[in-house]
Visitor: 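The structure under discussion is supplied below as structure tokens; questions concerning it will follow.
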Amino acid sequence: MRSSLAAAAALCAVAALPGAAAAAPSAGPEDLPAYETAPDARRVEGQESSAHGPAIEPGFYTDDIGPGERRYYSVTLDGESNAWISATALPEPGSRVKSMDGIEVVLESADGINCGDGDVSFGSDDSARPIADLAGRMIRKDGYCQEPGVYHFSVERDSDETADAGRWPLEISFMREPGLRKQASGGPSEAAPDAATPSPPGAPKGETRPIGGGTGFNDAPGMGEGNWSDRLRPGETRFYKVPLDWGQRLYTQVEFGTARARGDNAPYVSGAFRVDFYNTARGRIGTDGVGYRPDKPAAYLLDGQRVAFANRFDGGTELGETRFAGWYYIAVHANGKLAESVDGTVPVVLRTTVVGEPEAGPEYDGDAREAGFGVTEDDREAAAEGLSRSAAESGDTLRLLGWAGIGTGTALILGLGLWTLLARRSAGRA
């Protein structure tokens, strides 16, 4: 009976997946799914002064921040490993934001030396969505902030006075990357690889398979090579992740198909979609907008850089951010203004190709994969199936994800029928 209930529950859960219905009706911001924070995230309250910042360790935390505020947290770093701390801002879907609204993150020493910083804003589309960036301390010869001790991480919110004044939830991610083993040569070269962009590969072969994008970094499904389809509602953001090993390079063409127009003269929407690209530690690599009207398809080509340890010595460029082996994230956002032009949802196709064979990485003095910096066979398998980590960990239930294209009512009926059949069989055995 327990297995019967589990099977029925799994079918019902699949029916509720984002994008499960092929032609979901248009929804208001209040109907959009909320960002799913890390299940083990701990609540913390950042302080106005660096002297009182609560201590955080590697892991996940939640907080909130108001317009113009700066929140401090205290971190203790050793003298051997790299520290990467990101903040993800989560404004309410549909809330009013201006193009330059955003957050700035800084990691600094006890005596005020800037160890690393990052900043992110919404861009020209003025559409609220999750945004994130990264600050960190990197171990290197003659670098800043190399000593062990207490450091200060801060998040500051920039907000136009005409924008929504509500508090934004924050998710903070703290990752510790092991240092390198000491080598006679002094370690890997700090010369970044050639950033020249080769010709993009052709479209991947095979049929298009459905995938349900996640609400954020934590529930993003793995997306391997192939053609994947999803649907976006106005105001919605979907996250996907691709495993990239050392020496590999990502190409993803994000295509927005034609959709049912709202009226005979549906307007063109400038900045209708936004595509954000993030690295393993949630540092934003790049972003771009795409214009759209319902009767014309649109597309955006994301051509990533080759993953290499030495990229980190290239500064704050797109090359410099492609510095880790591990999961890389693609966030696709539909501007809320699309509700004035599109009646329903917009079909999205992500054509993904990974170029290059995995290469040997740097000699870490510790388990980099355990710390989140690396690619495992389980990661590759989950990506090949289009699964999130939580789905992959649920055993046989992951096979039911292929039902994502079935309407909610049909899946519920089938689920109840299956439950009844299995229950009768169990009773017969008894």
Visitor: How close do V375 and P243 get, heavy atom to heavy atom, and via which atoms?
Guide: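 In this case the closest contact between V375 and P243 is CG1-CB, 3.9 Å.
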Visitor: Do R274 and N335 come within less than 4.5 Å of each other through their side chains, counting heavy atoms only?
Guide: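 No, side chains not in contact.
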Visitor: Is there a donor-acceptor pair under 3.5 Å between the side chain of D230 and the backbone N or O of G213?
Guide: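 Present.
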Visitor: Let's go through V346 and F273 carefully: what are the C-alpha distance in whole Å and the side-chain angles of both, what is the deciding distance for side chain to side chain contact (heavy atoms under 4.5 Å, CB included) to 0.1 Å, and is it a yes or a no?
Guide: CA-CA 10 Å; V346 177; F273 302 98; 3.8 Å; yes
Visitor: Rounded to the nearest 0.5 Å, how far does OG of S99 lie from CZ of F122?
Guide: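 Rounded to the nearest 0.5 Å, the CZ-OG separation comes to 10.5 Å.
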Visitor: Does D378 form a side-chain hydrogen bond (donor to acceptor under 3.5 Å, both in side chains) with T376? I'd like the steps, not just the answer.
Guide: CA-CA 5 Å; D378 288 344; T376 67; 5.0 Å; no
Visitor: Please report the C-alpha distance between T322 and I285 in whole Å, then the side-chain angles of each, then the deciding distance to 0.1 Å, and finally whether the side chain to side chain contact (heavy atoms under 4.5 Å, CB included) criterion is met.
Guide: CA-CA 7 Å; T322 316; I285 299 173; 4.2 Å; yes
Visitor: What is the distance from atom CD of E156 to atom CG of D119, rounded to the nearest 0.5 Å?
Guide: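 Interatomic distance, E156 CD to D119 CG, rounded to 0.5 Å: 10.5 Å.
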Visitor: Check step by step if side chain to side chain contact (heavy atoms under 4.5 Å, CB included) holds for M223 and K241.
Guide: CA-CA 6 Å; M223 184 175 66; K241 61 183 181 182; over 6 Å; no
Visitor: Answer yes or no: is there a side-chain heavy-atom contact under 4.5 Å between E92 and D164?
Guide: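 Of all side-chain heavy-atom pairs linking D164 with E92, none is under 4.5 Å.
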Visitor: Is a side-chain donor or acceptor of D314 paired with a backbone partner of N311 at a separation under 3.5 angstrom?
Guide: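 No; zero donor-acceptor contacts below 3.5 Å.
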Visitor: Go through the steps to decide whether R231 and T345 satisfy the test side-chain hydrogen bond (donor to acceptor under 3.5 Å, both in side chains), and finish with yes or no.
Guide: CA-CA 6 Å; R231 303 189 75 90; T345 61; 2.6 Å; yes
Visitor: Any non-hydrogen side-chain atom of Y240 less than 4.5 Å from a side-chain atom of T352?
Guide: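 Heavy-atom side-chain distance check fails, nothing below 4.5 Å.
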Visitor: If you take all heavy atoms of S74 and V150, which pair is closest and at what distance?
Guide: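 Reported closest heavy-atom pair: OG-CG1, 3.4 Å.
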Visitor: Distance check, rounded to the nearest 0.5 Å: Q146 atom CD versus K141 atom NZ?
Guide: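 Nearest 0.5 Å value for the CD-NZ distance: 12.0 Å.
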Visitor: Return the minimal non-hydrogen interatomic distance between Y73 and E45, and the atom names on each side.
Guide: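 Here Y73 and E45 meet closest at CE2-C, 4.4 Å.
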Visitor: Quick one: does any side-chain atom of R137 pair with a main-chain N or O of S81 as donor and acceptor, under 3.5 Å?
Guide: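 Confirmed, R137 side chain pairs with S81 backbone.
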Visitor: Are side-chain heavy atoms of V354 and L244 found at a separation under 4.5 Å?
Guide: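 Contact flag for V354/L244 side chains = yes.
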Visitor: Going from CG on L90 to CG on L170, what distance comes out if it is rounded to the nearest 0.5 angstrom?
Guide: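 If we round to the nearest 0.5 Å, L90:CG and L170:CG are 7.0 Å apart.
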Visitor: Measure the shortest side-chain to side-chain distance between M100 and D158 over non-hydrogen atoms and say whether it is less than 4.5 angstrom.
Guide: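 No - every pair of side-chain heavy atoms lies 4.5 Å or more apart.
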Visitor: Between R249 (side chain only) and G304 (backbone N and O only), is there a donor and an acceptor less than 3.5 Å apart?
Guide: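 A pair under 3.5 Å: yes.
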Visitor: Distance-only, no hydrogens or angles: does the Y292 side chain make a donor-acceptor pair with backbone N or O of G257 under 3.5 Å?
Guide: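 Yes; judged by distance alone, with no hydrogens or angles, the pair exists.
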Visitor: Distance check, rounded to the nearest 0.5 Å: R129 atom CZ versus F239 atom CZ?
Guide: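 Going from CZ on R129 over to CZ on F239, the span is 9.0 Å.
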Visitor: For the CZ atom of R42 and the OH atom of Y61, what is their distance to the nearest 0.5 Å?
Guide: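 Here the rounded value is 3.5 Å.
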Visitor: Any salt bridge between R157 and D64, counting N to O under 4.0 Å?
Guide: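 No, no charged N to carboxylate O under 4.0 Å.
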Visitor: Kindly write out the residues that satisfy side-chain hydrogen bond (donor to acceptor under 3.5 Å, both in side chains) with E359, not counting sequence neighbours, or none if the list is empty.
Guide: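 side-chain hydrogen bond (donor to acceptor under 3.5 Å, both in side chains) list for E359, sorted by chain: R306.
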Visitor: Run the salt-bridge test on E177 and R312 with the 4.0 Å N-O cut-off and return the result as yes or no.
Guide: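 So E177 pairs with R312 through a salt bridge.
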Visitor: Over all heavy atoms of both residues, which pair between S109 and C115 is shortest? Give the atoms and the distance, please.
Guide: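 Taking S109 first and C115 second, the nearest heavy atoms are N-SG, 3.7 Å.
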Visitor: To check you understand the geometry: which heavy-atom pair defines the closest contact between F60 and R282, and what is its length?
Guide: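 For F60 and R282, the tightest heavy-atom pair comes out as CE2-NH2, 3.3 Å.
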Visitor: With heavy-atom distances below 4.5 Å as the criterion, would you say the side chains of V275 and D288 are in contact?
Guide: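 Side-chain contact under 4.5 Å: no.
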Visitor: Would N279 and L134 count as a side chain to side chain contact (heavy atoms under 4.5 Å, CB included) if you check the C-alpha gap in whole Å, the side-chain angles of each, and the deciding distance to 0.1 Å?
Guide: CA-CA 10 Å; N279 65 24; L134 174 72; 4.3 Å; yes
Visitor: Which heavy atom in G136 sits nearest to a heavy atom in W84, and how many Å separate them?
Guide: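 Heavy atoms of G136 and W84 come nearest at CA-CE3, 3.7 Å.
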Visitor: Quick one: does any side-chain atom of T208 pair with a main-chain N or O of W228 as donor and acceptor, under 3.5 Å?
Guide: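 Answer holds: no.
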Visitor: Is any side-chain heavy atom of Y364 less than 4.5 Å from a side-chain heavy atom of L180?
Guide: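 Heavy-atom side-chain distance check passes, below 4.5 Å.
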Visitor: Is there side-chain contact between R233 and P93, with heavy atoms separated by less than 4.5 Å?
Guide: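 Of all side-chain heavy-atom pairs linking P93 with R233, none is under 4.5 Å.
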Visitor: Which residue in the set N114, D117, V75 passes side-chain contact (heavy atoms from CB on, under 4.5 Å) when paired with L107?
Guide: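 So, applying the side-chain contact (heavy atoms from CB on, under 4.5 Å) to L107 and each of N114, D117, V75, only V75 qualifies.
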Visitor: Got a donor-acceptor contact below 3.5 angstrom from the S341 side chain to the P267 backbone?
Guide: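 Checked: pair present.
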Visitor: Could you give me the CA-CA distance, side-chain angles and deciding distance for Y278 and F217, then say whether ring pair (Phe, Tyr, Trp, His ring centres under 6.0 Å) is met?
Guide: CA-CA 10 Å; Y278 295 94; F217 295 102; 5.1 Å; yes
Visitor: Going through the checks in order, is the ring pair (Phe, Tyr, Trp, His ring centres under 6.0 Å) test met by F324 and F373?
Guide: CA-CA 6 Å; F324 312 112; F373 300 97; 5.0 Å; yes
Visitor: Around atom OH of Y144, are there more than 12 heavy atoms of other residues, nucleotides or ligands at under 6.0 Å?
Guide: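 No, the 6.0 Å shell around OH holds no more than 12 heavy atoms from other groups.
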Visitor: Aromatic rings Y72 and H152: how do their planes relate, parallel, tilted or perpendicular, breaks at 30° and 60°?
Guide: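 Y72 and H152: perpendicular rings.
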Visitor: Are any side-chain N or O atoms of D379 and backbone N or O atoms of G326, one a donor and one an acceptor, separated by less than 3.5 Å?
Guide: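 Between the backbone of G326 and the side chain of D379 there is no qualifying donor-acceptor contact (under 3.5 Å).
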